[in-house]
Structure formats: C-alpha cells, structure tokens
Amino acid sequence: MMVEKFEYLSKILMETFEEVGQKNPLGEVADYIPELSKADPECFGVSLVDLSGKSVGYGDFEKKFSIQSITKVFSLSLCLGHFGEKIFKRVNREPSGNPFNSLVQLEKENGIPRNPFINAGALVISDMLLDIFDDPKQGYLDFLQDISNNDNLSYNPKIFTSEKENKERNAALAYFMKSYGNINNDVDRLLDFYFFQCAIEMNTMELALAFRFLANHGLVPHSKNRVLTASQAKRINALMLTCGFYDEAGDFSYRVGLPGKSGVGGGVVAILPQNFSICSYSPVLNKQGNSTKSIQLLEMFTSNSGESIF
Ligand code: GLN
C-alpha cells in the first residue's frame, strides 16, 4: 500500500477511534466463565497492518487478551491446509443463525455442525488436528508463531482452567457429535486442546499481523511461507463473511462489509483482501457475544474510509 494511502487510513482510524472511545458501549463483559468477567470494561484498542508491514495502533492496542473464538480461524486454516476439502464431509459451510454454543441444529443434521466457526464445528476441526501433531498444543503454537512472526505467544492458564471447570456445554456438544461418529478422539483430550486454543492470549497488533496471510492469497507476507493456496484463503474469507459472527454474521457484513471473526474475549479481526488486516479489542459484548465497540469502530472506519469488499 502506498505511504499516502496508509497515512490516510491511519488518520481516519484515529478519528474514528476517538469518537467511538467516547461512547459508552451497550452490553456486558463475558461472564460464562469467572476468569473472563475480570476483564476491564474500559479497555479499548485497535491496530491496522498493511501487507508491506506498515502498522499503526491506538489505545490499548498492546494489551493482551484471550483470543477465544478468533482461534477458530487459525484451526480451520491449519486443518484445511493439511487435509484439503475432505474436511467438509464432517462440517458444513452454512451460517447457523444460532448462538455459538447452540445444540439445536445438531440432532436434525446428524451430528454435522453448520460451519467451522461455531463451537461444534471448531470441536470437529480440533478433533482432526489432534491427529496431525505429536504434541498438538506445541504444534498449534508453532503455527501461530510462524504466521505472526512472534516467538512470544502463549496461553493464560487461569482462563484455560476456568474453561475446563465450566466445560458442560462444550462437553455436551462433543459427546453428542461423538454419538453420531463425528468425533474420533477421547472427549476430555479434545476439550483440553480446544480450551487451550481459546485461552491463547494476543494483543490487537499480534492478531492483525497473524491474519495477514488471509489478505495475501494464503502467503505469510513477512516469511513468504505458504499456509494455504489462494483458493483456500479465498474460501476461508468467504466463511468468515458468512459465519464469522454467529447469529450476527449477516448484520456484521451489512454494517462493516469485511470478512472477519470475533471472540467472547472482546476481540474482532477483519481483513480487506490485498490491502490490510485490522483488529479491535473492547471486552464489552452485545447479546450475540460480539464486542460492541469493536463493531461500531469497524462500521465507522469502513464507512468513513470507503474501504470494504463491496
Ligand atoms: N471458549 C468459548 C467457548 O467455547 C469460545 C466462544 C466464543 O468466543 N464465542 O464457549
């Protein structure tokens, strides 16, 4: 991206960040596990990185937070890159229109989750990933470190333990799918790996950097490592656009117009293919479990800058 354009986007992002920062977001910090409810509702930060590595951050952009469901994009990328299209025999590609941890569709649809970005889908993807690594947690971190050029990534053991102590809903999803033959591994081992992924901590700059391969035809910009083919990257972006925000995916596309993914930790990442990656963090969530301020910020940023995929 030309320097002038980057400076123009940085300025719009700064103005938008200041304006949204003055608003009181509607919603609550996630409380389904006690550890997440300790997040500071005042925190707000954003980072934008282009494909050549120019970057800008405002507010609490270096504050680490729990990436939660944003991790589902990394898992899907790893899995699709390794196994290819056959993964879609075990998980579909349709928006669910239901909350992220819903059980209702699974029975009617024979234990095949609607898409890889709801919990049921991510559990199936994680089940496949368990088979490709001798040490799945280390393998996962190595992948993340590679795509984000960062050796300093880790998980929060308190969040991990809190997830495990409140595992009932995810355990129910996993056992239910196992009864249909769609989970192969031991459920406790699977949940341990899934909660580890959710408990990984990153800041907005690290996440924006890590997502750039999806804006770059599947190629990591700094290392030129190929994570996905161009076609696979395009397809993951399509899934983010249609399924990245649970039962708010349509509204996010309508308001923001970028493929993206949220997590109940308060992060939202979005990309503009061939241009940039942007990540916002504010832990106050709306009732769909998406960060209220982050969505406001991205909506205003794409409206004011005229940058979106449409
Ligand atoms: N750890 C969360 C869960 O599995 C992730 C959900 C989310 O971010 N939406 O319930």
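Read the numbers this way: they start at 1 and go in the same order the structure lists the ligands and their atoms.
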*Answer yes or no for Asn101: is there a heavy-atom contact with ligand 1 below 4.0 Å?*
no
_So for Phe195, does at least one of its heavy atoms come nearer than 4.0 angstrom to any atom of ligand 1?_
no
Protein contact of [atom] - nearest heavy atom, named by residue and atom, plus distance:
atom: atom 2 (C) of ligand 1; answer: Tyr32 OH, 2.9 Å
atom: atom 9 (N) of ligand 1; answer: Tyr246 OH, 2.7 Å
atom: atom 4 (O) of ligand 1; answer: Tyr194 OH, 2.7 Å
atom: atom 6 (C) of ligand 1; answer: Ser69 OG, 3.2 Å

[atom1]/[X]: more than 12 non-hydrogen atoms of other groups inside 6.0 Å:
X: Glu15; atom1: CD; value: yes
X: Lys178; atom1: NZ; value: yes
X: Lys167; atom1: NZ; value: no

_Between Gln197 and Ser75, do the side chains contain a donor N or O and an acceptor N or O under 3.5 Å apart?_
yes
*With no hydrogens and no angle check, do the side chains of Glu94 and Gln105 hold a donor and an acceptor under 3.5 Å apart?*
no
*Close N or O approach (Asn119, ligand 1; < 3.5 Å)*: yes
_N/O separation below 3.5 Å, Gln68 to ligand 1_ = yes
List every atom of ligand 1 that sits less than 4.0 Å from any heavy atom of [X], numbering the atoms from 1 in the order shown and giving each element.
X: Asn170; answer: 3 (C), 4 (O), 10 (O)
X: Phe100; answer: 6 (C), 9 (N), 10 (O)
X: Gly263; answer: 8 (O)
X: Glu163; answer: 1 (N)
X: Cys198; answer: 1 (N)

*Flag the pair Ile278 / Val269 as yes when at least one side-chain heavy-atom distance between them is below 4.5 Å, and no otherwise.*
no
*asked:* Can you classify the ring geometry of Phe44 versus Phe17 as parallel (below 30°), tilted (30 to 60°) or perpendicular (above 60°)?
replied: parallel
_Ring centres under 6.0 Å, that's the criterion: do Phe211 and Phe74 meet it?_
yes
Taking distance alone, no hydrogens or angles, what donor-acceptor pairs closer than 3.5 Å link side-chain atoms of residues 23-31 to residues at least two apart or in another chain?
none

